[in-house]
2 protein chains.
Amino acid sequence: MKNKKIRLEAIEAIIRVSTFRNQDDLLLALNEKGFSLTQATLSRDLKQLKVAKQPTANGDYAYIFPADTQEKTKSIARDVSHSFAANGFLSLDFSGNMAVIKTRPGYAGGIASDIDTLPISPFLGSLAGDDTIFLLLKEQATKETVLETLTPIIPGIRK
Amino acid sequence: MKNKKIRLEAIEAIIRVSTFRNQDDLLLALNEKGFSLTQATLSRDLKQLKVAKQPTANGDYAYIFPADTQEKTKSIARDVSHSFAANGFLSLDFSGNMAVIKTRPGYAGGIASDIDTLPISPFLGSLAGDDTIFLLLKEQATKETVLETLTPIIPGIRK
DNA sequence: AGAAATTTTGAATATTTATTCACATAATTC
DNA sequence: GAATTATGTGAATAAATATTCAAAATTTCT
């Protein structure tokens, strides 16, 4: 259907320009522009366009096109976790507020680098040699948090 | 409330790692991790974290952090450019009797070397990687002494 | 310490959004 | 062209999410 393509483009355009707090508001704007559709269709359109509804700074909501960078980052992160699944990890141990990871030779740097890129981390810092990583825990960090945090990088990790 | 902060961090962490198609699923995962909250609170948490629900490629939905990352990256970039003016120093943090200095890549060795040559030092030893320095404090050392000592090397340093 | 103000929360509910179902419209194949 | 298949749509509704309201918990201010 021809109308749909035009409509999708109109939706994208209007969302990029102005903000709407919900689908009904957006629907109204579209109706005023001459597009005749219902909330059901709009919902489907938004899904197809991959439009997300994001809370805004002023306590409201807005429709956005999430940045591609986000997705890419995520999928990269996933890939990393996959490729490491079998790889260099050997052991994890704790002493005081320090953790030590042993790896197969040469893997320490890579794994430490992955750990460093975690968005939220219980570590104050990491230091890698060839087959050993030192991790200094934040004061409020627990072994549990550490294990949780490391899971995406080393699936199934445990002390 | 302390729990809330921890919970928000947990939510952020779990969302960055895995995907959930709705709040109830996410809620379940959080409950299993020991967080006791209801959908109402989760909704508020997500709003506060500015988490958006985005349609995915496979016709499903997922929670994401949209523009958030971009802003963070930007502000970090700014900080870096500031401290870069002087040298490679980025940050200083403490945990227990350890201090950690983060530097721009490659600067750790140089700065650590400078620290090692200090005539009077509150440190028992230092260990440098590429962008991180671990410093073990003498038992009587305080954060204040450390800052004082480091000032000649890193002017204007503070935690 | 207590009182006052602020924040956090759950239950219930209002609001919003997604989907089901039925039908219509367009595209494809014979 | 007719038959078949795929796609698009609205009305109704299911499902998901946000908010209201009242009560606790926490912090701030005497």
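In what follows, every chain begins at residue 1, and chains take the letters A, B, ... in the order their sequences are listed. The figures here come from the full heavy-atom set of this structure, side chains too, leaving out hydrogens, waters and symmetry mates.
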> Going only through I, L, V, M, F, W and Y residues with side-chain contacts under 4.5 Å, is there a path from A:Tyr61 to A:Val51?
Replying inline: no
> Starting at the 5' end of DNA chain C and moving along, which residue's nearest nucleotide shows up first, B:Ala40 or A:Thr41?
Replying inline: B:Ala40
> Taking for each residue the nucleotide of DNA chain C with the nearest heavy atom, is it B:Lys53 or B:Thr38 whose nucleotide lies nearer the 5' end?
Replying inline: B:Thr38
Taking atom [atom2] of [N] as reference, at what distance in whole Å does atom [atom1] of [X] sit?
X       : N      : atom1 : atom2 : value
B:Phe35 : C:dG10 : CZ    : C1'   : 18 Å
A:Lys47 : D:dG8  : NZ    : P     : 14 Å
A:Arg44 : D:dT9  : CZ    : C1'   : 6 Å
A:Gln54 : D:dT17 : CD    : C1'   : 16 Å
B:Lys4  : C:dT7  : NZ    : P     : 10 Å
A:Leu46 : D:dT17 : CG    : P     : 15 Å
B:Gln48 : D:dT17 : CD    : P     : 18 Å
A:Ile11 : D:dT9  : CD1   : C1'   : 13 Å

> Is the backbone of B:Ser95 close enough, under 3.5 Å, to the side chain of A:Lys138 for a donor and an acceptor to pair up by distance?
Replying inline: no
>> Please check: side-chain N/O of A:Lys47 versus main-chain N/O of B:Gly59, any donor-acceptor pairing under 3.5 Å?
In response: yes
>> Which nucleotide wins on minimum distance to the side chain of B:Ser43, given the candidates D:dT19, C:dT19, C:dG10?
In response: D:dT19
>> Less than 4.0 angstrom between a side-chain N/O of B:Tyr61 and OP1 or OP2 of C:dT19, yes or no?
In response: yes
> OP1, OP2 of C:dT17 versus side-chain N and O of A:Tyr63: anything below 4.0 Å?
Replying inline: yes
Can you list, pair by pair, the side-chain donor-acceptor contacts under 3.5 Å of residues 26-39 of chain A, counting residues two or more places apart and other chains?
| unit_1 | atom_1 | unit_2 | atom_2 | d |
| --- | --- | --- | --- | --- |
| A:Asn31 | ND2 | A:Leu27 | O | 3.4 |
| A:Gln39 | NE2 | A:Gln23 | OE1 | 2.9 |

> Minimum heavy-atom separation for A:Tyr63 to A:Arg21, with atom names?
Replying inline: CE1-C, 4.3 Å
>> Under 4.0 Å, counting only non-hydrogen atoms across every strand here, what does B:Leu42 touch: a base, just sugar-phosphate, or nothing?
In response: nothing
> Across the strands shown, which category fits A:Leu37 at heavy-atom distances under 4.0 angstrom: base, sugar-phosphate, nothing?
Replying inline: sugar-phosphate
> Is there a residue in residues 21-32 of chain A whose heavy atoms reach under 4.0 Å of DNA chain C, and which residues are they?
Replying inline: A:Asn22, A:Gln23
>> Would the base of D:dG8 count as contacting A:Arg7 through its side chain, where contact means a donor and an acceptor less than 3.5 Å apart?
In response: no
> With no angle test and no hydrogens, is the base of D:dA16 tied to the side chain of B:Gln39 by a donor-acceptor pair under 3.5 Å?
Replying inline: no
> Is it true that the side chains of B:Gln48 and B:Lys4 contain a donor and an acceptor less than 3.5 Å apart?
Replying inline: yes
>> Please check if the number of heavy atoms outside A:Phe134 that lie under 6.0 Å from its CZ is greater than 12.
In response: no
